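Some notes on the structure that comes next.
From a predicted model like this one, the values you see are computed outputs, not experimental measurements. Residues take their numbers from the sequence shown, with the count starting at 1.
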Amino acid sequence: MMLPTGPLCYRCRRDIAYHPGICPECFELRPIAYPSTSSYNVLVCAGCANEESVFACSECGREDHPYGASRCARCILKERLTALLTDPETGCVHEALVPLFEELLRARRPQSVITWLTKPPAIGPSLLDRMAHGELAVSHDTFRALPAGRAENYLRDLLTATGILPPYHPPIEQMERWLSTRLAEVSGDDAALIGRYARWHLLRRLRGLAERGPLSKPSIYSARSHINGAIRLSTWATANSTTIAALTQPQLESYLTENPGGRTTQQSFIAWLGRSKENTQVMLPWRGTTPEVVVSDDERWDSIDRLINDDEIALYARIGGLFMLLFAQPLRTIAAMTRDQIIITDAGRVTVTFDTEPVEMPPGLDELIRRYLHKPGTPSIASTDHGWLFPGRYPGSHLVTDVFRSKLVTAGIHPGTSRNAAMFGLAGRIPPPVLADLIGIADHTAVRWAALAARDWSGYIAQRAE
């Protein structure tokens, strides 16, 4: 392989192709290896040197995404996808899988898609091959009959994100499978009763939450905890020769005495038993909880300063952590934010709408947001933009809450206690109605925090009217 400057070995060609630079004449990001025709001792791209590029793909002529010896990653990907998704009866890409074919071809990094197609055990590509050959139906029912593994779930999410399959709620389906397994361990009458409680109360509530937005892990964990609590109560009742429907108040109190940590997980179940008339003999008074503030305001501001200035922390984690420490946003809400919640005005001001009112970002945080929007996180191999501010690895999904939590904990910031400190600080300075509109909490929650902060805002409305 020859350049005007001399021969070029394969290793050097690969190194130049994989590390393009900004051409000093056209200012484009391209392989730089040709002597300039207008400047002495300056290397430029092939176009500016009026030469045919040795780095260009032999098929499409593009220099980006180098991969093979003579072809680019995008051309190789097209060839492999065509072979994988072609219906042998028509000789064309399977009609139902065309949106996936087009989506993967537009991937930001075609190399990542090639890796996904070839990396063992390649369960997803194998299932796609069977779908293209008509061996498997392209439907949710197919995946319900398959093992609920990560590879199967990823492909299902990919088909959903590309519009091939209708939307569904993965956590709820996973919980339904888990519920069937758990109920198989319970005696007949109690299994039916707990099944009704789980399906018609807990899962119904989760479906309602899912219709309004992505489900949070605490919501799923809470539902599982309540089901496990009901099963533990059933196990105890069976050991004491009774059933949940026949349980008496003295027996319930005996159970709680033997299992002092079971009250929290039993409150919802016992209340449901009474409402549904399954057992009106038992009751459990509801105990509310008062949040604790164990992080001082000085410690909170130290954490804020660390997130603003420490470049070793991932940029998305710094922004999410500052949303939590400054505006008391829960991590599950931060993870599900969309880019249209952020507006940069012509004057350069950055505003974020957490609920109904836009909030101007303070210095430091506004610059971090500008930097992040200039180069946002890398989404999954699917190229469709779903509008998430923090796109996740799974197609069509945002970044999971645990990713934020782990980054912040590693930086010495504990989200639960830190958010309580932020709520405490805001409630002491902002009237509850304003606080509720700014950060998106219920009015009664804002009032409770104001009471905890020992600020009496009862005269705020009258003062505002005056």
Side-chain angles (χ1 to χ4, degrees), residues 213-214 295-379 385-392 398-399 401 403-405 407-409 411-442 445-446 449 453:
V295 175
S296 70
D297 213 39
D298 287 341
E299 291 173 318
R300 179 169 73 98
W301 283 102
D302 286 343
S303 298
I304 291 171
D305 183 67
R306 190 179 319 134
L307 290 176
I308 288 178
N309 296 296
D310 191 347
D311 287 332
E312 294 186 1
I313 303 173
L315 184 55
Y316 70 85
R318 296 166 68 186
I319 294 171
L322 290 167
F323 284 164
M324 177 191 67
L325 289 166
L326 291 171
F327 306 102
Q329 294 298 297
L331 289 185
R332 65 178 181 275
T333 301
I334 294 168
M337 289 180 66
T338 56
R339 284 200 300 274
D340 58 13
Q341 290 179 250
I342 298 179
I343 295 177
I344 300 180
T345 66
D346 293 337
R349 295 190 306 125
V350 179
T351 64
V352 178
T353 303
F354 295 112
D355 187 38
T356 58
E357 297 295 328
V359 182
E360 183 173 354
M361 296 294 100
L365 175 54
D366 61 351
E367 180 57 31
L368 293 180
I369 293 174
R370 290 191 197 95
R371 282 170 52 189
Y372 179 79
L373 292 180
H374 180 67
K375 191 177 181 181
T378 301
D385 186 356
H386 292 271
W388 299 120
L389 179 59
F390 304 108
H398 56 70
L399 206 62
T401 305
V403 174
F404 275 105
R405 181 176 288 108
K407 292 290 185 182
L408 293 175
V409 170
I413 300 168
H414 297 277
T417 54
S418 297
R419 180 175 180 254
N420 282 350
M423 286 288 291
F424 186 82
L426 292 172
R429 298 196 302 271
I430 303 175
V434 178
L435 182 61
D437 288 341
L438 287 179
I439 67 173
I441 59 175
T445 302
W449 275 99

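Looking at Asp302 and Arg306, no side-chain N of the basic residue comes within less than 4.0 Å of a carboxylate O on the acidic one, giving no salt bridge.
Taking the six-membered ring where tryptophan is involved, the planes of Phe390 and Phe404 are perpendicular, since the angle between them exceeds 60° and thus also 30°. Aromatic ring orientation, Phe354 versus Phe327: tilted (interplanar angle from 30° to 60°).
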Task: Asn420 vs Thr417, side-chain contact (heavy atoms from CB on, under 4.5 Å): CA-CA, chis, key distance, verdict - done: CA-CA 5 Å; Asn420 282 350; Thr417 54; 5.6 Å; no
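At distances below 3.5 Å, not a single donor-acceptor pair connects side-chain atoms of Gln341 with backbone N or O atoms of Val352. Of the possible donor and acceptor atoms, one in the side chain of Asp366 sits under 3.5 Å from a partner among the backbone N and O of Gly364. Here the side chain of Arg332 pairs no donor or acceptor atom with the backbone of Thr401 at under 3.5 angstrom. No donor-acceptor pair under 3.5 Å is formed between the side chain of Arg339 and the backbone N or O of Leu389.
A 4.5 Å side-chain heavy-atom check between Tyr372 and Arg318 finds every atom pair outside the cut-off. Leu365 has its side chain within reach of Phe323: a pair of non-hydrogen atoms, C-beta onward, lies under 4.5 Å apart. Annotation: side chain of Asp305 is not in contact with side chain of Ile308 (no heavy-atom distance under 4.5 Å).
For Pro415 against Arg405, the heavy-atom pair with the smallest separation is CG-CG, 4.0 Å. Scanning both residues, Ala335 and Leu399, for their nearest heavy atoms gives CB-O, 3.3 Å. Across every non-hydrogen atom of Leu325 and Ser418, the tightest pair is CD2-CB, 3.6 Å. Across Ala328 and Arg419, no two heavy atoms sit closer than the pair O-NE, 2.7 Å.
Between the CZ atom of Arg300 and the CD1 atom of Ile413 there is a distance of 12.0 Å, given to the nearest 0.5 Å. Interatomic distance, CZ of Arg370 versus CE of Met361, reported as 11.5 Å (0.5 Å rounding). Between the CD atom of Glu299 and the CD1 atom of Ile304 there is a distance of 12.0 Å, given to the nearest 0.5 Å. To the nearest 0.5 Å, the span separating CG on Leu408 from NE2 on His414 amounts to 10.5 Å. Of the inter-residue distances, the one linking His374 atom NE2 with Ile369 atom CD1 reads 16.0 Å to the nearest 0.5 angstrom. From Leu373, atom CG reaches atom CD1 of Ile319 across 7.0 Å, with rounding to the nearest 0.5 Å.
Evaluated for a side chain to side chain contact (heavy atoms under 4.5 Å, CB included) with Leu307, the options Leu322, Leu326, Leu368 yield exactly one hit, Leu322.
Side chains of Asp298 and Ser296: a donor-acceptor N/O pair is absent below 3.5 angstrom, by distance only.
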